K.L.:
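If you scroll down you'll find the structure; I have some questions about it.
Computed from a predicted structure; not experimentally measured.
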Amino acid sequence: MKRIISVLAFLSFLQLAGAQEKMIPLYEQHIPNSRKIPPDYIEETDTSGLIRKVTQPGLIPFFPKKGTATGTAILIFPGGGYFVLAPATCYEIAKALTETGVTAFVVKYRLPHDTIMIDKTIGPLQDAQAAIQLVRKRAAEWGIDPHKVGTMGLSAGGHLVSTAGTQLNRVVVENTERVNLRADFMALLYPVIIYDPAIPRTRENLIGKNPSAALLDLYSTDKQVTANTPPTFLVHAVDDDVIPVRNSLLFFNALLNAHVKAEMHILQSGGHGFGLTDLNSGNNWFNLFKSWLAENGF
């Protein structure tokens with residue numbers, strides 16, 4: 001019965017994604033940093049599309065129509081506070097990207113949990129690095145330029161993307177082929193950046209309730225920005241009552257101080273978790289993002 005539930009959850013995930021392609025596993029064999037999964041730790045997708053207890057990380061691919069691909073690829077990381085994945089908005093964005101010739105992959109990454117991980121603080125980062133690694137290794141097969149591989153993160157997914165983009169010397173996956181694990185650019189939508197008492201849930205799920213000062217600094221990604229951090233596009237709403245706008249402001253300021261190319265758009269309204277709105281509007285964030293990609297040669 002448990003096996004049936006797991007299969008149904010997987011099928012529900014694919015149906016919600018609306019992707020014609022099957023999920024591509026991130027790892028061919030052993031999943032790194034993993035413990036034996038207990039029988040009662042079963043992946044679930046609820047009726048609203050939220051995914052819990054991820055055990056099999058992978059990529060959900062969205063390919064452009066034949067003859068329209070630009071060679072650019074973007075890996076999209078859902079939010080969910082590191083305790084669920086909320087991919088619905090990511091599917092919407094992925095489909096819109098394919099209309100512009102961009103290949104998109106929604107990343108189904110593991111959620112940090114002591115039950116299935118030896119060290120839960122690096123679990124999501126391992127999957128982020130493995131996702132970039134996999135896309136670059138199969139770039140020729142998928143018609144992708146390996147020098148035009150970007151990442152996009154929403155909310156907690158933005159924290160994961162900014163972590164991967166600022167901890168470039170911290171390789172936590174096997175990389176004997178020395179594949180470049182640095183994204184060529186990043187897009188952060190209402191990201192978690194700083195770990196403060198106002199938004200404890202994301203922090204606690206990843207590094208626990210009582211992390212050391214050093215661990216707090218390591219995962220406050222604005223403090224890890226260097227000149228090698230990828231060019232970054234940010235968008236956040238002033239009235240976001242879940243992740244305060246200062247998260248994006250601090251990261252943008254860190255990028256400026258490190259002389260990293262960056263563009264930021266602060267919206268008067270929009271709240272938290274917005275996706276595509278009016279694509280015909282000149283100031284729609286997605287249209288601005290497309291212009292930014294073009295301006296930077298992506």
K.L.:
About how many Å separate OG1 of Thr45 and CD1 of Ile51, when rounded to the nearest 0.5 Å?
P.N.:
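OG1 of Thr45 is found 4.5 Å from CD1 of Ile51.
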K.L.:
Without swapping roles, check the side chain of Thr70 against the backbone of Gly101 for a donor-acceptor pair under 3.5 Å.
P.N.:
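Yes, because the side chain of Thr70 sits within donor-acceptor range (under 3.5 Å) of the backbone of Gly101.
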K.L.:
Short question: side chain of His159, backbone of Tyr219 - any donor-acceptor pair under 3.5 Å?
P.N.:
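Between the backbone of Tyr219 and the side chain of His159 there is a qualifying donor-acceptor contact (under 3.5 Å).
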K.L.:
Could you report the tightest heavy-atom contact between Pro231 and Trp292, atom names first, then the distance?
P.N.:
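Between these two residues, the closest heavy atoms are O-CH2, 3.7 Å.
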K.L.:
Among residues two or more places apart or on two chains, list those pairs meeting salt bridge (charged side-chain N to carboxylate O under 4.0 Å, His left out) that have a residue in residues 179-194.
P.N.:
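As it turns out, the salt bridge (charged side-chain N to carboxylate O under 4.0 Å, His left out) pairs with a partner in residues 179-194, which skip direct neighbours, are Arg136-Asp184.
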K.L.:
So which residues get pulled into Val179's cluster when ILVMFWY side chains under 4.5 Å apart are joined, directly or through others?
P.N.:
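Result for Val179 is none, singleton.
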K.L.:
Tell me, which pairs form a salt bridge (charged side-chain N to carboxylate O under 4.0 Å, His left out) where one or both residues lie in residues 212-229, sequence neighbours left out?
P.N.:
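As it turns out, the salt bridge (charged side-chain N to carboxylate O under 4.0 Å, His left out) pairs with a partner in residues 212-229, which skip direct neighbours, are Asp217-Lys223.
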K.L.:
Ile122 and Val171: same hydrophobic cluster, using ILVMFWY side-chain contacts below 4.5 Å?
P.N.:
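Shared cluster, yes.
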K.L.:
Who are the ring pair (Phe, Tyr, Trp, His ring centres under 6.0 Å) partners of Phe289, not counting sequence neighbours?
P.N.:
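Listed in chain order: Phe233.
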K.L.:
Less than 4.5 Å apart, side chain to side chain, heavy atoms only: is that true for Ser248 and Leu188?
P.N.:
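In short, these two side chains do not touch, never coming nearer than 4.5 Å.
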K.L.:
I would like to know whether Thr232 and Phe251 meet side-chain contact (heavy atoms from CB on, under 4.5 Å); could you show each step before the answer?
P.N.:
CA-CA 10 Å; Thr232 304; Phe251 196 80; 4.2 Å; yes
K.L.:
Measuring only between side-chain heavy atoms, which start at C-beta, is Leu206 closer than 4.5 Å to Pro124?
P.N.:
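They are in side-chain contact.
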K.L.:
Testing the basics here: between Leu50 and Ala86, what is the closest heavy-atom pair and its distance to 0.1 Å?
P.N.:
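Smallest interatomic distance, heavy atoms only, reads CD2-CB, 3.5 Å.
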K.L.:
Using 30° and 60° as the class boundaries, would you call the ring planes of Phe77 and Tyr109 parallel, tilted or perpendicular?
P.N.:
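Answer is tilted, since the angle falls between 30° and 60°.
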K.L.:
Please answer whether the main-chain N or O of Gln133 pairs with a side-chain N or O of Glu177 as donor and acceptor at a distance below 3.5 Å.
P.N.:
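Answer holds: no.
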K.L.:
Under a 4.5 Å cut-off applied to non-hydrogen side-chain atoms, are Pro191 and His236 in contact?
P.N.:
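In contact.
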K.L.:
Report yes or no: does Gln224 contribute a side-chain atom to a donor-acceptor pair with the main-chain N or O of Gln167 at less than 3.5 Å?
P.N.:
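The answer is no, because no donor-acceptor pair under 3.5 Å joins these two groups.
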K.L.:
For a quick test of reading the model, state the closest non-hydrogen atom pair linking Ile93 to Met152 and the distance between them.
P.N.:
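Between these two residues, the closest heavy atoms are CG2-SD, 3.8 Å.
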K.L.:
Can you name the closest pair of heavy atoms from Trp142 and Val135 and give their distance?
P.N.:
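Heavy atoms only, the tightest pair is CZ3-CA, 3.9 Å.
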K.L.:
Does Gln56 use its side chain to pair, donor to acceptor, with the backbone of Glu43 at less than 3.5 Å?
P.N.:
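Side chain of Gln56 to backbone of Glu43, a donor-acceptor pair under 3.5 Å: no, none is there.
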K.L.:
Would you say Thr100's side chain and Leu97's backbone share a donor-acceptor pair under 3.5 angstrom?
P.N.:
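Pair found, side chain donor or acceptor close to backbone of Leu97.
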K.L.:
Examine distances only and state if a side-chain atom of Asn247 and a backbone atom of Val192 form a donor-acceptor pair shorter than 3.5 Å.
P.N.:
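Not confirmed, Asn247 side chain does not pair with Val192 backbone.
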K.L.:
Could you pull out all residues at least two apart from Tyr190 that satisfy ring pair (Phe, Tyr, Trp, His ring centres under 6.0 Å)?
P.N.:
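Scan of Tyr190 (ring pair (Phe, Tyr, Trp, His ring centres under 6.0 Å), adjacent residues dropped) gives His272, Phe274.
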K.L.:
Taking the side chain as everything from C-beta on, heavy atoms only, tell me whether Met186 gets closer than 4.5 Å to Thr229.
P.N.:
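They are in contact (side-chain heavy atoms under 4.5 Å apart), so the answer is yes.
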K.L.:
Leu168 and Ile193: same hydrophobic cluster, using ILVMFWY side-chain contacts below 4.5 Å?
P.N.:
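No, Leu168 and Ile193 fall in different hydrophobic clusters.
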K.L.:
Over all heavy atoms of both residues, which pair between Arg35 and Thr115 is shortest? Give the atoms and the distance, please.
P.N.:
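It is CD-O, 3.5 Å.
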K.L.:
Taking the side chain as C-beta and beyond, is there a heavy-atom pair between His113 and Lys120 under 4.5 Å?
P.N.:
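No, too far: nothing below the 4.5 Å cut-off.
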K.L.:
Does Met117 sit in a hydrophobic cluster with other residues, and if so which ones, taking ILVMFWY side chains as linked at heavy-atom separations under 4.5 Å, directly or through other members?
P.N.:
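Hydrophobic cluster check, Met117: joined to Ile37, Tyr41, Ile116.
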K.L.:
Please round to the nearest 0.5 Å and tell me the distance separating atom OG1 of Thr151 and atom CG of Leu160.
P.N.:
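Result: 9.0 Å between the selected atoms.
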K.L.:
Would you say the side-chain atoms of Asp145 pair up with the backbone N or O of Thr72, donor to acceptor, closer than 3.5 Å?
P.N.:
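No: the side chain of Asp145 does not pair with the backbone of Thr72.
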K.L.:
Can you sort out the partners of Glu92 under side-chain contact (heavy atoms from CB on, under 4.5 Å), two or more places apart, ordered by chain and number?
P.N.:
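Here the qualifying residues are Thr89, Leu276.
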K.L.:
Checking Phe185 now: which residues fulfil ring pair (Phe, Tyr, Trp, His ring centres under 6.0 Å) with it, not counting sequence neighbours?
P.N.:
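With neighbours one apart ignored, the set is Phe298.
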K.L.:
So do Gln129 and Asn175 actually touch side chain to side chain, heavy atoms under 4.5 Å?
P.N.:
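No, too far: nothing below the 4.5 Å cut-off.
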K.L.:
Please report the C-alpha distance between Asp240 and Val245 in whole Å, then the side-chain angles of each, then the deciding distance to 0.1 Å, and finally whether the side-chain contact (heavy atoms from CB on, under 4.5 Å) criterion is met.
P.N.:
CA-CA 7 Å; Asp240 190 328; Val245 70; 5.8 Å; no
K.L.:
Return a table of donor-acceptor pairs under 3.5 angstrom between the side chains of residues 59-69 and protein atoms on other chains or two or more places apart.
P.N.:
{"unit_1": "Thr68", "atom_1": "OG1", "unit_2": "Lys65", "atom_2": "N", "d": "3.3"}
{"unit_1": "Thr68", "atom_1": "OG1", "unit_2": "Lys65", "atom_2": "O", "d": "2.6"}

K.L.:
Drop me the distance from Ser155's OG to Leu189's CG, to the nearest 0.5 angstrom.
P.N.:
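The OG atom of Ser155 sits 10.0 Å away from the CG atom of Leu189.
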K.L.:
Pairs under 3.5 angstrom only: tabulate donor-acceptor contacts from the side chains of residues 255-269 to other protein residues two or more places apart or in another chain.
P.N.:
{"unit_1": "Asn257", "atom_1": "ND2", "unit_2": "Asn253", "atom_2": "O", "d": "3.4"}
{"unit_1": "Glu263", "atom_1": "OE2", "unit_2": "His265", "atom_2": "NE2", "d": "2.7"}

K.L.:
If you measure from CG on Asn287 to CH2 on Trp285, what distance do you get to the nearest 0.5 Å?
P.N.:
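If I round to the nearest 0.5 Å, the distance is 9.5 Å.
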K.L.:
Measure the spacing between CD1 of Ile132 and CG of Asp127 and express it to the nearest 0.5 Å.
P.N.:
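Going from CD1 on Ile132 over to CG on Asp127, the span is 11.5 Å.
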K.L.:
Any side-chain to backbone donor/acceptor pair from Asp241 onto Gly271? Under 3.5 Å, distance only.
P.N.:
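A pair under 3.5 Å: no.
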K.L.:
Would you say that Lys290 contacts Val102 through its side chain, given a criterion of any heavy-atom pair below 4.5 Å between the two side chains?
P.N.:
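SC-SC contact between Lys290 and Val102 ruled out.
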K.L.:
Between Ile76 and Leu154, does a side-chain contact (heavy atoms from CB on, under 4.5 Å) hold up when you go through it step by step?
P.N.:
CA-CA 8 Å; Ile76 309 174; Leu154 288 65; 4.0 Å; yes
K.L.:
What salt bridge (charged side-chain N to carboxylate O under 4.0 Å, His left out) pairs are there with at least one residue in residues 52-64, not counting sequence neighbours?
P.N.:
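Salt bridge (charged side-chain N to carboxylate O under 4.0 Å, His left out) check on residues 52-64 returns Asp46-Arg52.
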K.L.:
Do you know the tightest heavy-atom contact between Gly270 and Asp239?
P.N.:
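Looking at all heavy atoms of both residues, the closest pair is N-OD1, 3.1 Å.
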K.L.:
Mind checking the OG1-CD1 spacing from Thr98 to Ile74? Nearest 0.5 Å is all I need.
P.N.:
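These two atoms lie 11.0 Å from each other.
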K.L.:
With a 4.5 Å heavy-atom cut-off, do Tyr91 and Pro87 have their side chains touching?
P.N.:
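Side chain of Tyr91 against side chain of Pro87, heavy atoms only: contact under 4.5 Å found.
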K.L.:
For Glu28, which residues count as a salt bridge (Lys or Arg N to Asp or Glu O under 4.0 Å) partner, sequence neighbours excluded?
P.N.:
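Counting only residues at least two positions away or on another chain, Glu28 forms no salt bridge (Lys or Arg N to Asp or Glu O under 4.0 Å).
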K.L.:
Can a donor-acceptor pair be found, under 3.5 Å and without considering hydrogens, that links the side chain of Gln126 to the backbone of Arg110?
P.N.:
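Looks like no, no N/O pair under 3.5 Å.
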